[in-house]
Chemist: 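Please see the structure below; I have some questions.
Letters go in sequence order (proteins before strands), and every chain restarts at 1. Atom set for the values below is all heavy atoms of this structure, side chains included, hydrogens, waters and symmetry mates excluded.
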Protein chains: 2
Amino acid sequence: MTDTATPGRALPHPEREQIRLESVLHALSDPMRLQIVRELAAREAELSCSQFELPVTKSTTTHHFRVLRESGVIRQVYRGTAKMNGLRRDDLDVLFPGLLDSLLAAAGLQAGRLGADG
Amino acid sequence: MTDTATPGRALPHPEREQIRLESVLHALSDPMRLQIVRELAAREAELSCSQFELPVTKSTTTHHFRVLRESGVIRQVYRGTAKMNGLRRDDLDVLFPGLLDSLLAAAGLQAGRLGADG
DNA sequence: GTCGTAGTTTGACATCTCTCGTAGTACGAG
DNA sequence: CTCGTACTACGAGAGATGTCAAACTACGAC
């Protein structure tokens with residue numbers, strides 16, 4: 001938590017206890033969002049929205065990041081004009097032990113099979 | 001595989017290699033379907049559609065079972081007038097090792113937290 | 001203050017999803 | 001062949017979803 005977050009622009013996140021498995025699965029069932037989560041996990045760092053090269057417009061990108069945040073998969077913080085995104089690995093690991101890793105492994109295996117960027 | 005399946009009423013299933021992670025996650029992101037899969041995993045047996053006491057009509061039940069079958073989560077076979085449903089555990093474990101177990105464990109934990117039938 | 005960059009908001013549109021009710025098909029029992 | 005059971009098919013309707021374009025806000029740099 002480097003304290004560089006921009007004050008006065010808080011974003012609503014579900015508490016850990018409010019995160020629902022169904023919502024997480026729904027969030028990850030979209031290829032675009034699964035890709036985002038995969039990149040976020042690969043580089044173990046927070047990334048701004050614009051660092052993802054997604055084949056959709058900015059409004060659609062905003063939409064996907066919001067779904068991920070509202071389902072509890074990622075945490076978003078404003079840092080100046082950028083919006084940084086980080087996986088909520090700690091919360092997810094407590095709620096659903098091993099799930100995130102299995103999910104990422106599965107996504108990696110499938111990407112390899114399909115000849116994508118695995 | 002007791003050979004009691006009714007011939008001439010085959011149902012289309014995706015091959016193992018055709019099963020997509022996104023489709024599986026989408027199938028499991030519905031509470032009704034997640035419940036079905038949980039029951040199917042708990043009793044390690046094939047169950048007919050009508051053995052599930054779901055709070056929806058028969059047509060809706062048919063719909064949910066079809067989504068599960070077409071996503072590759074379950075296998076369906078006619079046995080007389082009944083349609084038996086079984087988890088495709090073997091295929092899923094090969095494709096996405098550990099995923100199904102993490103998913104079931106996560107669903108169990110959440111059901112316990114929520115005071116449902118966990 | 002002005003400008004540019006980053007992201008949001010709104011409205012629209014096509015598609016999909018979950019649900020239902022009604023009518024229909026497939027099988028086994030008699 | 002008739003009947004009952006188990007499930008399907010076919011609409012239909014309410015609502016969610018993914019996408020876009022255009023106009024907007026927030027921040028930093030100058």
Side-chain angles (χ1 to χ4, degrees), chain A residues 2-13 20 22-37 40 46-71 73-86, chain B residues 2-13 20 22-37 40 46-71 73-86:
Chain A
T2 42
D3 200 20
T4 43
T6 303
R9 275 222 276 176
L11 290 160
H13 289 77
R20 300 282 271 105
E22 293 89 332
S23 306
V24 170
L25 297 183
H26 171 246
L28 297 180
S29 71
D30 180 277
M32 207 76 63
R33 293 193 291 259
L34 186 57
Q35 179 58 28
I36 290 174
V37 169
L40 228 33
E46 294 193 324
L47 296 175
S48 73
C49 295
S50 51
Q51 295 180 61
F52 296 83
E53 298 207 354
L54 302 172
V56 290
T57 63
K58 278 191 302 178
S59 4
T60 304
T61 302
T62 297
H63 163 68
H64 285 308
F65 276 102
R66 181 171 38 188
V67 172
L68 285 171
R69 170 170 47 85
E70 291 180 345
S71 68
V73 176
I74 67 171
R75 197 173 284 284
Q76 294 190 294
V77 174
Y78 280 106
R79 187 125 53 207
T81 161
K83 193 184 202 172
M84 307 306 292
N85 304 277
Chain B
T2 43
D3 200 21
T4 44
T6 304
R9 275 223 277 177
L11 289 160
H13 289 77
R20 299 281 272 105
E22 293 89 332
S23 306
V24 171
L25 297 182
H26 171 246
L28 297 180
S29 71
D30 181 275
M32 207 76 65
R33 292 193 293 259
L34 185 57
Q35 179 59 28
I36 292 173
V37 169
L40 229 33
E46 294 193 324
L47 296 174
S48 72
C49 294
S50 51
Q51 294 181 61
F52 295 84
E53 298 207 355
L54 302 172
V56 291
T57 63
K58 280 191 301 180
S59 3
T60 305
T61 302
T62 297
H63 162 67
H64 285 308
F65 276 102
R66 181 172 38 191
V67 173
L68 285 171
R69 171 171 46 86
E70 291 181 345
S71 68
V73 175
I74 68 172
R75 196 173 285 284
Q76 294 190 295
V77 175
Y78 280 106
R79 187 126 52 206
T81 161
K83 193 183 203 174
M84 307 306 291
N85 304 276

Chemist: Can you check the A:R66 CZ to C:dT9 C1' distance for me, whole Å?
Modeler: 9 Å
Chemist: Would you mind reading off the distance between B:D30 atom CG and D:dT17 atom C1', rounded to a whole angstrom?
Modeler: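 So the two atoms are 15 Å apart, to the nearest Å.
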Chemist: B:T81 side chain N/O closer than 4.0 Å to the phosphate oxygens (OP1, OP2) of C:dG28?
Modeler: no
Chemist: For the pair B:M32 and A:E22, evaluate side chain to side chain contact (heavy atoms under 4.5 Å, CB included) and give the outcome as yes or no after the intermediate values.
Modeler: CA-CA 10 Å; B:M32 207 76 65; A:E22 293 89 332; over 6 Å; no
Chemist: Are OP1 or OP2 of C:dT17 and a side-chain N or O of B:H26 less than 4.0 angstrom apart?
Modeler: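 Yes, B:H26 has a side-chain N/O under 4.0 Å of OP1/OP2 on C:dT17.
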Chemist: In terms of side-chain heavy atoms, does A:T57 have a donor or acceptor partner in A:T60 at a distance below 3.5 Å?
Modeler: yes
Chemist: Going by an N to O cut-off under 4.0 Å, is there a salt bridge joining A:R79 and A:E46?
Modeler: yes
Chemist: Hey, does A:T61 reach any base, or is it just sugar-phosphate, or nothing, if we go heavy atoms under 4.0 Å?
Modeler: nothing
Chemist: Nearest of D:dC7, C:dA6, D:dG18 to any side-chain atom of A:R33?
Modeler: D:dG18
Chemist: Tell me which nucleotide among D:dC7, D:dC20, D:dT5 gets nearest to the side chain of B:Y78.
Modeler: D:dC7
Chemist: Which part of the nucleic acid, if any, lies within contact of B:H64, taking any heavy atom under 4.0 Å across all strands shown: a base, the sugar-phosphate backbone alone, or nothing?
Modeler: sugar-phosphate
Chemist: With respect to the side chain of B:K58, which nucleotide from C:dT17, D:dC20, D:dA6 is positioned closest?
Modeler: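 Nucleotide nearest to B:K58's side chain: D:dA6.
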Chemist: Using atom CD1 of A:I74 as one end and atom C1' of C:dG7 as the other, report the distance to the nearest whole Å.
Modeler: 13 Å
Chemist: Quick one: A:M84 CE to D:dC27 P, roughly how many Å, whole number?
Modeler: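 That distance rounds to 16 Å.
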Chemist: Closest to the B:A82 side chain: D:dA6, C:dT19, D:dT19?
Modeler: D:dA6
Chemist: To the nearest Å, give me how far apart CG (B:L11) and P (C:dC27) are.
Modeler: 12 Å
Chemist: Within a strict 4.5 Å, meaning less than it, do heavy atoms of the B:P12 and B:R69 side chains meet?
Modeler: yes
Chemist: Would you mind reading off the distance between A:F65 atom CZ and C:dT9 atom C1', rounded to a whole angstrom?
Modeler: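 Going from A:F65 (CZ) to C:dT9 (C1'), I get 18 Å.
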Chemist: How many whole angstroms separate atom CD of B:E22 from atom P of C:dC16?
Modeler: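 Roughly 16 Å, once rounded to whole Å.
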Chemist: Return no unless some side-chain N or O of A:S50 is found under 4.0 Å from OP1 or OP2 of C:dG7.
Modeler: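 A:S50 to C:dG7 OP1/OP2: side-chain N or O found under 4.0 Å.
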Chemist: Under 4.0 Å, heavy atoms only, any strand: does A:S59 hit a base, just the sugar-phosphate, or nothing?
Modeler: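 Here A:S59 touches the bases of the nucleic acid.
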Chemist: Would you indicate which nucleotide in D:dC7, D:dA21, C:dT19 comes nearest to any side-chain atom of A:T57?
Modeler: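 For the A:T57 side chain, the nearest candidate turns out to be D:dA21.
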Chemist: For B:E53 and D:dA6, give me the distance from atom CD to atom C1', rounded to whole Å.
Modeler: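 In whole Å, D:dA6 C1' and B:E53 CD are 16 Å from each other.
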Chemist: Under 4.5 Å between any side-chain heavy atoms of A:H26 and A:S23, yes or no?
Modeler: no
